[in-house]
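These notes concern the structure reproduced below.
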Amino acid sequence: MHMKKLVLGALAALSIAASGGAGHAEDTVKVGVVIPLTGGFQSNGRQINAALKTFVATRGDKAGGKKVEFVVKDDGSVPDNALRISQELVTSDKVSILTGFGNTPTALSVAQLSKRAKIPQVIMVAATSSIMKASPYMLRTSWTIPQVASVIGKWAPQNGAKKFVSIVSDYGPGADAQEWFKKSLEENGGTVISQLKVPLANPDFAPFLQRAADEKPEALFVFVPTGAGAAFMKQFVERGLDKSGIKVIAMADVTDDDLLNNMGDPAIGVVTGGPYSANHDSAENKAFVEAFKKANDGMRPNMVAAAAWDALDLIYKTLDKTKGDASGTAFVDAAKGMVIQSPRGPISIDPDTRDIVQNIYMRKVEKVDGELYNTEFQTVEGVKDPAH
């Protein structure tokens, strides 16, 4: 109930901030925001909604000489809902741009609508590499699974971990993570002795952790969606694996910034690769984290929030460039090659793939001023998706 009140409160605040001027349609660019505020991916929706609230509070509601009006809808983490809602947003609400998409299936469900109606579709989270091929009007500001997994696969054997069992959630991004980690690891002298897939809905990691422990690897490679990492770490400790000498080397989702403090000391020392940490040391990030916490009752932003912020920044900067023209071809052409100084560091939109180019950081969970943070200790600059 408390979470529902928070979500409704944030939506109410947002509608107040961004609703004025709708009567002057020609002076307004409407942006449909399709996100999972309920269902299995609701932690993503919560972070996106909080980033949107922060962005409007910080940047206002004008870009390209026009008022920007956001229409937020909950897809419940269900692809069919995302498509139905997106169709309504385009036909009834007359939105010019669609954004959000808290997982791969919802992004893919809307791609054909984006393609047919020539609607820019700005992806805030969905990270499966191949979705960018589904619509020429798609842009992405999050990350791709191969982009991160390939960096981890190279780093691990260079730093004393060569013999792995991989544990991933059984859906598109999990398959991507498993494939690209294994490929990169093997190219650098390591081996994956077993590949385990955990059901996406209501996952019980215990039997998979037991099977992994029986294989006696040096380390586990882990990918679960943002929000599920706390359950994984809890069961890792319950099975006694934290005392077994088996390291956890994972995708950033496992030690999600938003939930990290709740994981407690067992998370200390876990190494992950990812595009962002709330502890990233830059002026842009310090300002972002401060504004985000101020607008959202002290909540800490995670990499989903950073990606959502950058999607909104991309939309505003592109509208500035097109002088408010949000039509598909004009908007996407203007966004190609865009360079942004993000809270996570420099990012750009690859003009050939419309996908994000960014730094990937190796991080370790450490206690900083009494709180747990993913502390970045190595930077791989300007990483493109190797799967393109």
Side-chain angles (χ1 to χ4, degrees), residues 14-15 17-35 48 52 55-56 59-73 75 82-101 106-126 131-142 307-340 347-357 388:
L14 193 58
S15 64
S19 63
H24 306 287
E26 69 280 2
D27 297 325
T28 301
V29 175
K30 283 190 169 186
V31 180
V33 185
V34 183
I35 54 175
I48 293 169
L52 183 46
F55 191 88
V56 172
R59 297 284 184 86
D61 61 357
K62 287 190 172 59
K66 295 191 177 182
K67 183 175 280 290
V68 182
E69 182 183 341
F70 295 102
V71 185
V72 181
K73 300 284 185 180
D75 63 27
L83 176 56
R84 176 180 53 77
I85 288 164
S86 296
Q87 286 169 333
E88 289 170 1
L89 284 166
V90 171
T91 56
S92 301
D93 293 288
K94 307 297 183 193
V95 304
S96 302
I97 299 165
L98 289 166
T99 191
F101 310 105
T106 57
L108 273 175
S109 74
V110 178
Q112 286 306 305
L113 170 65
S114 161
K115 186 177 178 180
R116 284 197 314 271
K118 299 182 179 179
I119 298 284
Q121 183 182 359
V122 184
I123 306 297
M124 288 180 170
V125 185
I131 65 173
M132 297 301 290
K133 295 171 185 164
S135 168
Y137 299 98
M138 200 180 275
L139 301 155
R140 175 158 45 196
T141 63
S142 51
W309 175 277
D310 290 337
L312 298 166
D313 200 11
L314 177 67
I315 289 168
Y316 272 46
K317 283 182 165 67
T318 304
L319 288 172
D320 284 343
K321 197 170 169 185
T322 64
K323 297 182 168 53
D325 185 352
S327 58
T329 302
F331 186 91
V332 171
D333 284 350
K336 288 177 181 177
M338 185 75 76
V339 177
I340 292 173
I347 64 169
S348 63
I349 301 299
D350 186 322
D352 297 323
T353 63
R354 294 164 280 106
D355 217 336
I356 189 165
V357 181
H388 281 311

Output the distance between atom CG (Asp61) and atom NZ (Lys67), rounded to the nearest 0.5 Å. 3.5 Å
Please report the closest heavy-atom contact between Ala311 and Thr99, naming both atoms and the distance. CB-OG1, 4.3 Å
Enumerate the salt bridge (Lys or Arg N to Asp or Glu O under 4.0 Å) contacts for residues 86-95, please, sequence neighbours excluded, ordered by first and then second residue. Arg84-Glu88
Would you say the side-chain atoms of Arg354 pair up with the backbone N or O of Leu139, donor to acceptor, closer than 3.5 Å? no
Roughly how far apart are Thr318 OG1 and Lys336 NZ, rounded to 0.5 Å? 12.0 Å
What residues form a salt bridge (Lys or Arg N to Asp or Glu O under 4.0 Å) with Asp320, not counting sequence neighbours? none
Could you pull out all residues at least two apart from Thr353 that satisfy side-chain contact (heavy atoms from CB on, under 4.5 Å)? Asp350, Asp355, His388
Would Phe101 and Ser86 count as a side chain to side chain contact (heavy atoms under 4.5 Å, CB included) if you check the C-alpha gap in whole Å, the side-chain angles of each, and the deciding distance to 0.1 Å? CA-CA 11 Å; Phe101 310 105; Ser86 296; 4.3 Å; yes
Quick one: side chains of residues 110-122, donor-acceptor pairs under 3.5 Å with protein atoms, not counting sequence neighbours, listed by atom name and distance.
unit_1	atom_1	unit_2	atom_2	d
Ser114	OG	Ile119	O	2.8
Ser114	OG	Ser135	OG	2.8
Gln121	NE2	Ala107	O	3.1

Run the side chain to side chain contact (heavy atoms under 4.5 Å, CB included) check on Val71 and Lys73 step by step: do they pass? CA-CA 7 Å; Val71 185; Lys73 300 284 185 180; 4.0 Å; yes
Nearest-0.5 Å distance, CZ of residue Phe70 to CD1 of residue Ile97: 8.5 Å
Full working for side chain to side chain contact (heavy atoms under 4.5 Å, CB included) between Leu312 and Met124: CA-CA 9 Å; Leu312 298 166; Met124 288 180 170; 4.0 Å; yes
Please report the closest heavy-atom contact between Leu319 and Ala326, naming both atoms and the distance. CD2-CB, 4.0 Å
Residues which pass side-chain hydrogen bond (donor to acceptor under 3.5 Å, both in side chains) with Asp325, listed by chain and number, not counting sequence neighbours: Ser327
Does any N or O in the side chain of Ser142 come within less than 3.5 Å of the main-chain N or O of Val125, such that one atom is a donor and the other an acceptor? yes
Just jot down the salt bridge (Lys or Arg N to Asp or Glu O under 4.0 Å) partners of Lys317, sequence neighbours excluded, or say none. Asp313
Rounding to 0.5 Å, atoms OG (Ser92) and CD1 (Ile85) come to a distance of 12.5 Å
Between the NZ atom in Lys133 and the CG atom in Leu108, the distance rounded to the nearest 0.5 Å is 12.0 Å
Asp27 and Lys66 ion-paired at < 4.0 Å: no
With side chain to side chain contact (heavy atoms under 4.5 Å, CB included) as the test, would you mind laying out the steps for Ile35 and Asp75 before giving the verdict? CA-CA 6 Å; Ile35 54 175; Asp75 63 27; 5.6 Å; no
For a 4.5 angstrom cut-off between non-hydrogen side-chain atoms, does Thr106 reach Val34? no
Exercise: identify the closest heavy-atom pair between Ala335 and Leu314: CB-CD1, 4.2 Å
Rounded to the nearest 0.5 Å, how far apart are CZ of Phe331 and CD1 of Ile315? 5.5 Å
Assign the ring pair Trp309 / Phe55 to parallel, tilted or perpendicular, where the plane angle (0 to 90°) is split at 30° and 60°. perpendicular
Those residues that, when tested against Tyr137, pass ring pair (Phe, Tyr, Trp, His ring centres under 6.0 Å) (two or more places apart): none
Got a donor-acceptor contact below 3.5 angstrom from the Ser348 side chain to the Met338 backbone? no
Compare every heavy atom of Ala334 with every heavy atom of Thr322, then report the nearest pair and how far apart it is. CG2-CB, 3.5 Å
